[in-house]
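For reference, the structure is listed below as structure tokens.
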Amino acid sequence: MIRAVVFDVGECLVDETREYGTWADWLGVPRHTFAAMFGAVIAQGRDYRDVFQEFRPGFDLYAERERRAEAGQPEHFGEEDLYPDVRDALRTLRADGLWLGIAGNQTVRAGTILRELFSEDVDLIGTSDDWGASKPDPAFFHRVAEVVPAEPGEILYVGDRVDNDLRPGAAAGMHTALVHRGPWATIQWRTEEADALPTFRVETLLELSPRIAEFNAREH
């Protein structure tokens, strides 16, 4: 049975359109050009950070985040950047009696923002900076398994990426769900792994509650 649901952050809960747009502005690159290169890098199976290297070789993302903060333009997302199904989905899953968590590749600053947004809605919020391990490193998913009060096979990890979410989540013995939104899921949706790996493929997070209920009923 599925007893716990853990969510990725970017392009699962948070629409990152605004954030990546501000990075294009910071680099002095037209937003549509930055977005086109972003898609090309994903389609080639490369790390998204290579996008920055294409426009500025030697680009240090962590250092530039600090420079942006010092310039009064820190990374930021808020209620207005959440996908419209997020609040209702969390409320419904909590009412279903499921343990809920949020865990993704995020900075300490992003972790603070997540806690301001979701502390009353979920049981745990963890980030890669908190844990010293980033997806798809197995250590990240081992940490998830340690902090969730359920066995790995009772955890559903929800994300938008085959490479960072589904593949390592399944390898850790978890169930996975692929949500069809954002650049990664859009590009990877019709791949063999995207079809075969996840326990659920969903267009919206609102599908999770009935799908989990149906799955758990079958397992009884």
Side-chain angles (χ1 to χ4, degrees), residues 2 4-20 38 42 47-49 75 77 81-90 93-94 98-115 117-119 121-131 133-148 150 152 155-189 191 193-194 197-209 211-212:
I2 293 171
V5 183
V6 180
F7 294 90
D8 176 37
V9 180
E11 299 307 333
C12 181
L13 302 178
V14 178
D15 182 341
E16 296 178 310
T17 300
R18 180 161 67 108
E19 178 63 10
Y20 284 119
F38 202 102
I42 293 171
D47 190 301
Y48 82 97
R49 288 168 290 194
E75 62 176 330
F77 55 89
D81 297 299
L82 301 184
Y83 277 102
D85 57 358
V86 168
R87 292 295 183 191
D88 285 343
L90 292 177
L93 292 167
R94 173 61 65 83
L98 293 161
W99 189 96
L100 302 180
I102 296 172
N105 284 352
Q106 300 292 326
T107 64
V108 170
R109 178 181 176 81
T112 299
I113 297 171
L114 288 169
R115 291 179 180 94
L117 289 170
F118 293 112
S119 287
D121 306 291
V122 300
D123 300 288
L124 175 86
I125 297 171
T127 71
S128 53
D129 271 12
D130 294 334
W131 294 343
S134 300
K135 297 184 295 183
D137 189 332
F140 179 93
F141 288 89
H142 291 160
R143 182 60 175 154
V144 171
E146 287 175 356
V147 298
V148 175
I155 300 170
L156 177 71
Y157 190 83
V158 185
D160 65 300
R161 295 178 60 172
V162 170
D163 49 339
N164 261 27
D165 302 322
L166 305 189
R167 196 183 297 149
M174 299 176 186
H175 294 287
T176 61
L178 177 63
V179 59
H180 191 192
R181 59 188 176 208
W184 278 277
T186 299
I187 290 170
Q188 297 173 346
W189 187 254
T191 64
E193 280 187 296
L197 275 178
T199 309
F200 309 123
R201 286 160 53 94
V202 298
E203 295 290 338
T204 167
L205 299 181
L206 296 173
E207 294 178 46
L208 291 174
S209 175
R211 297 287 294 275
I212 292 170

Decide side-chain contact (heavy atoms from CB on, under 4.5 Å) for Y157 and V148; before the verdict, give the C-alpha distance in whole Å, the side-chain angles of both, and the deciding distance to 0.1 Å. CA-CA 11 Å; Y157 190 83; V148 175; over 6 Å; no
Heavy-atom side-chain contact between P183 and F38 under 4.5 Å: yes
Using modelled atom types and a 3.5 Å cut-off, is there a donor and acceptor pairing between side-chain atoms of R109 and backbone atoms of E75? yes
E207 side chain vs V202 backbone, donor-acceptor pair below 3.5 Å: no
Any F77 side-chain heavy atom under 4.5 Å of L114 side chain: yes
Could you check whether the rings of W189 and H180 sit parallel, tilted or perpendicular, using 30° and 60° as the cut-offs? parallel
Atom of S134, atom of N105 and distance for their closest heavy-atom approach: CA-OD1, 3.4 Å
A172: which residues meet the side chain to side chain contact (heavy atoms under 4.5 Å, CB included) condition with it, sequence neighbours left out? F141, M174
Can you find a pair of side-chain heavy atoms, one from W131 and one from D137, that are under 4.5 Å apart? no
If I compare all heavy atoms of T176 with all of P198, which pair ends up nearest, and what's the gap? OG1-CA, 3.2 Å
Side-chain donor/acceptor of R143 to backbone N/O of A139, under 3.5 Å: no
Taking C-beta and beyond as the side chain, do L93 and F7 meet within less than 4.5 Å on heavy atoms? yes
How many angstroms lie between CD1 in I2 and CD1 in I155, if you round to the nearest 0.5 Å? 10.5 Å
Between D121 and R87, is there a salt bridge with N-O shorter than 4.0 Å? yes
Would you check if Y83 and R181 make a side-chain contact, meaning some heavy-atom pair closer than 4.5 Å? yes
Donor-acceptor contact present, side-chain R115 to main-chain I125, <3.5 Å: yes
Suppose the criterion is salt bridge (Lys or Arg N to Asp or Glu O under 4.0 Å): which pairs have a residue in residues 158-176, not counting sequence neighbours? K135-D165, R161-D163, R167-E193
To the nearest 0.5 Å, atom CG of L124 lies from atom OG of S119 at 10.0 Å
Test item: L156 and F200 side chains (from C-beta on) under 4.5 Å apart, heavy atoms: yes
In short, L178 meets A194 closest at the heavy-atom pair CD2-CB, 3.8 Å
Is there a donor-acceptor pair closer than 3.5 Å between any side-chain N or O of D85 and the backbone N or O of L205? yes
Sequence neighbours left out, what passes side chain to side chain donor-acceptor pair (under 3.5 Å) with T17? Give chain and number order. D15
Exactly one of L208, I212, D123, L90 clears side-chain contact (heavy atoms from CB on, under 4.5 Å) with L98, and that residue is I212
Closest non-hydrogen atoms of A89 and L206, given as atom of the first, atom of the second and distance, are N-CD2, 3.6 Å
Do the non-hydrogen side-chain atoms of V108 and T127 ever get within less than 4.5 Å of each other? no
Taking the side chain from S128 and the backbone from Q106, do they hold a donor-acceptor pair closer than 3.5 Å? yes
